[in-house]
Amino acid sequence: MAAVKIDFTSQDYLRDPAAGIERLRTSGPVVKVRFPIIGRVWVTTTQEAAERILKDNRTFTIRNDGGETAGMRWWMPGIFRALANNMLTTDEPHHTRLRSIVDEAFRRRAILDMEPRILAIADELAAELFADGSPADLVARYARRLPLAVICELLGLPAADRPKFMAWADNITGMRSTIGLFWRMMLGIARIKRYLEAHLEAARASGGEGLIAELIRVEKEGDRLSREEMIAMVFLLLFAGHETTTHLISGSVFELLRNRGLRDWLAADWSRADLAVEEFLRFISPVQFSKPRFVRKDTELCGVPLRQGDKVMVMLSAANLDPTANENPENLDLERRPNRHIAFGTGIHFCLGHQLARIEGRCALMALFKRWPNLALAVEPSRIRWRPQPGLRAIEKLPVVNRPV
C-alpha cells in the first residue's frame, strides 16, 4: 500500500487535526504514512484499532527479538539510546520491574494528597504572571512552570534549578525542523544527563528527600535498578512529568480564551473542572502518537493485513476524534458524557502520571481564572503558532493580557 501523504508538523494540521485525521480515516482504520525520523510506518485512525494494539503486547511489541527498539535508528548517538532505555521503551517482564519501583509514588491517594500544594503553587505562579510586564507568554510564565515545579518537588530536586530545566526543555522542543529538533534535543539531553548524574551522586553521599532518595534506597538494597536505569528513570519522570502537561494547560487556556461562553460556564461552578479537563485531554490530545511498535507476526488489524517486522503507531488523537467512540468529536464539549478518550493510552503502558496531570490541569485553570477573570489573548487566535514537532501538539507562545471588560 502506498503511503498517505500528510505533514504532521504543518500549521494547517496542528491548528485543525480533525480535518487531517478525517482524510486519513477515509483511507482505512490503519494506513501507511511517512513519519519524521521513524520513516514508513502504519498508523491507526480509529479507537478500535488503537486499543487492539495497545492491549496486545504479544503481537505488538516495542522491541524485537534482538532488543532493537522500534523508534530507534542506527545513527542515533549512544546518549539518546541510554536515556531512552526506560519503562516506556520496554516490554514485559522488564516493564513491570521498572514501573513497580515508582508505582507507589503515583498511586491515587498519594497524588490526591498533593493537591493542596499543587493549587498553592498554581496560585503563586498566577500572581506572578505579569511580573515582567504585559503581554505575558502564558506558556513560559505559567503552563511550563507549574508542572515543572510539581515534578521537581516530587523528585526532590532543588527549586533553584528549575530555570535550568526550563531552558533545557526549550532546547529540546523549541525547534523549527526535524533536523533542528534532533540536534537541539541532543544538547538538552546531554546537559540534563550531566546534571542528574551529579545530583544522584550527591544524594548517594548525603541522602535527601523525594522520589530520587527512594530510588537510591532501592539501589542500595539490591540490584533491581542499575545506575544506568536510574538515570533513565529520573530523566523520564522529569521530562515526561512536565512537558505534556505544559501543553495540556496552554491548550486548555487557549480554547477558553477564544470562547468566552465556555470560560463563563466553567467559572460559574469550578466543580465542573474535572469534566472540562477530561474533554481538554480528548480534544487537545497533547500526545498525538504512542511509541512505535513492531508487528511480531503476520496478522490482520481491523481488516488490514500487517506483516511481521512492520512498524505501527497508535494515533491517540485519531482515536480521540473517532465518531464511533465520541459523538460529534470535532466539537469541544466541556459537558461531554461519556467521554471515551485514550489520551493516556491503555494497556500496560497506561500513563503513570495520569492522576497528577488531571489535578495539575484542574488546579492550573482554577488558579489562573480566579486570579485573572478578565484574561484575554493579546493577539488574534489565528496568529497563535504550534510547535512543528511530530507527535506533540504544543503551542509555541501564548501572549495574554489582563483586559478589563
Side-chain angles (χ1 to χ4, degrees), residues 79-80 82-84 86 101-102 105-106 110-111 114 117-129 131-132 136-175 184-219 225 227-250 352-353 356-357 359-360 363-364 367 394 397:
I79 186 175
F80 193 86
L83 289 178
N86 56 58
I101 294 170
V102 293
F106 287 88
I111 296 302
M114 291 181 65
R117 177 59 184 150
I118 294 172
L119 186 57
I121 295 172
D123 283 334
E124 292 170 11
L125 293 173
E128 298 169 357
L129 180 60
D132 289 343
D137 176 13
L138 188 122
V139 176
R141 296 285 307 173
Y142 189 70
R144 183 174 295 286
R145 293 187 181 192
L146 173 59
L148 182 58
V150 172
I151 196 63
C152 282
E153 286 201 4
L154 186 62
L155 289 171
L157 295 172
D161 291 340
R162 290 170 200 166
K164 295 179 185 178
F165 299 136
M166 289 183 64
W168 294 333
D170 284 340
N171 241 5
I172 291 174
T173 59
M175 82 307 172
R184 291 187 69 166
M185 183 181 290
M186 289 303 99
L187 181 61
I189 285 175
R191 288 172 174 169
I192 293 175
K193 183 174 184 290
R194 286 195 296 270
Y195 170 87
L196 293 178
E197 287 172 339
H199 184 82
L200 285 166
E201 284 305 315
R204 286 189 186 99
S206 58
E209 298 180 353
L211 186 53
I212 287 178
E214 287 299 308
L215 291 177
I216 289 171
R217 180 183 58 77
V218 169
E219 178 190 49
L225 197 65
R227 293 200 172 195
E228 292 75 17
E229 287 174 332
M230 182 180 292
I231 291 289
M233 175 76 79
V234 176
F235 177 85
L236 171 66
L237 295 174
L238 175 62
F239 192 72
H242 87 271
E243 182 65 21
T244 55
T245 308
T246 292
H247 307 309
L248 170 65
I249 293 169
S250 58
L352 178 70
L356 184 60
I359 292 174
E360 288 174 341
C363 290
K397 295 181 179 180

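Values reported hereafter were calculated over all heavy atoms of this structure, with side chains retained and with hydrogens, waters and symmetry mates removed.
Considering only heavy atoms from C-beta on, Ile359 stays 4.5 Å or farther from Leu356 through its side chain. A 4.5 Å side-chain heavy-atom check between Phe235 and Leu196 finds at least one atom pair inside the cut-off. In this structure, Tyr195 and Leu238 have side chains that are not in contact, with every pair of non-hydrogen atoms separated by 4.5 Å or more.
Looking at residues two or more places apart in sequence or on another chain, you find no salt bridge (Lys or Arg N to Asp or Glu O under 4.0 Å) involving Glu209. Partners of Leu119 according to the side chain to side chain contact (heavy atoms under 4.5 Å, CB included) rule, which considers only residues two or more places apart in sequence or in another chain, are Asp123, Cys363, Ala367.
Residues Leu138 and Ser250 approach most closely at CD2-CA, 4.3 Å, considering heavy atoms. For the pair Val102 and Met233, the tightest heavy-atom approach, listed with the atom from each and the gap, is CG1-SD, 3.9 Å. Residues Glu360 and Ile249 share a closest heavy-atom pair of O-CD1, 4.3 Å. Across all their heavy atoms, Ile118 and Leu146 have their closest contact at O-CD1, 3.9 Å. Nearest heavy-atom pair across Phe106 and Ile111 is O-CG1, 3.7 Å. Closest approach of His199 to Ile212, counting heavy atoms only: CD2-CD1, 3.7 Å.
For the atom pair CD of Glu228 and CD1 of Ile231, the computed distance is 8.5 Å after rounding to the nearest 0.5 Å. Ile121 contributes atom CD1, which lies 7.0 Å from atom CE of Met114 (distance to the nearest 0.5 angstrom). One finds the OG1 atom of Thr245 at 11.0 Å from the CZ atom of Arg144 (value rounded to the nearest 0.5 Å). Ile192 CD1 to Glu197 CD: the interatomic distance, rounded to the nearest 0.5 Å, is 12.0 Å.
Arg145 places a side-chain N or O within 3.5 Å of a backbone atom of Ala140 that can act as its donor or acceptor partner. At distances below 3.5 Å, at least one donor-acceptor pair connects side-chain atoms of Tyr142 with backbone N or O atoms of Ala364.
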TODO: Give the C-alpha distance, both sets of side-chain angles, the deciding distance and a yes or no for side chain to side chain contact (heavy atoms under 4.5 Å, CB included) between Leu352 and Leu237.
DONE: CA-CA 9 Å; Leu352 178 70; Leu237 295 174; 4.0 Å; yes
Task: Criterion side chain to side chain contact (heavy atoms under 4.5 Å, CB included) on Ile101 and Glu214, from CA distance to verdict - done: CA-CA 9 Å; Ile101 294 170; Glu214 287 299 308; over 6 Å; no
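Contact check on Glu201 versus Arg204 returns a salt bridge, with a Lys/Arg side-chain nitrogen under 4.0 Å from an Asp/Glu carboxylate oxygen.
Ring pair His242/Phe239 is perpendicular by interplanar angle, where above 60° counts as perpendicular and below 30° as parallel.
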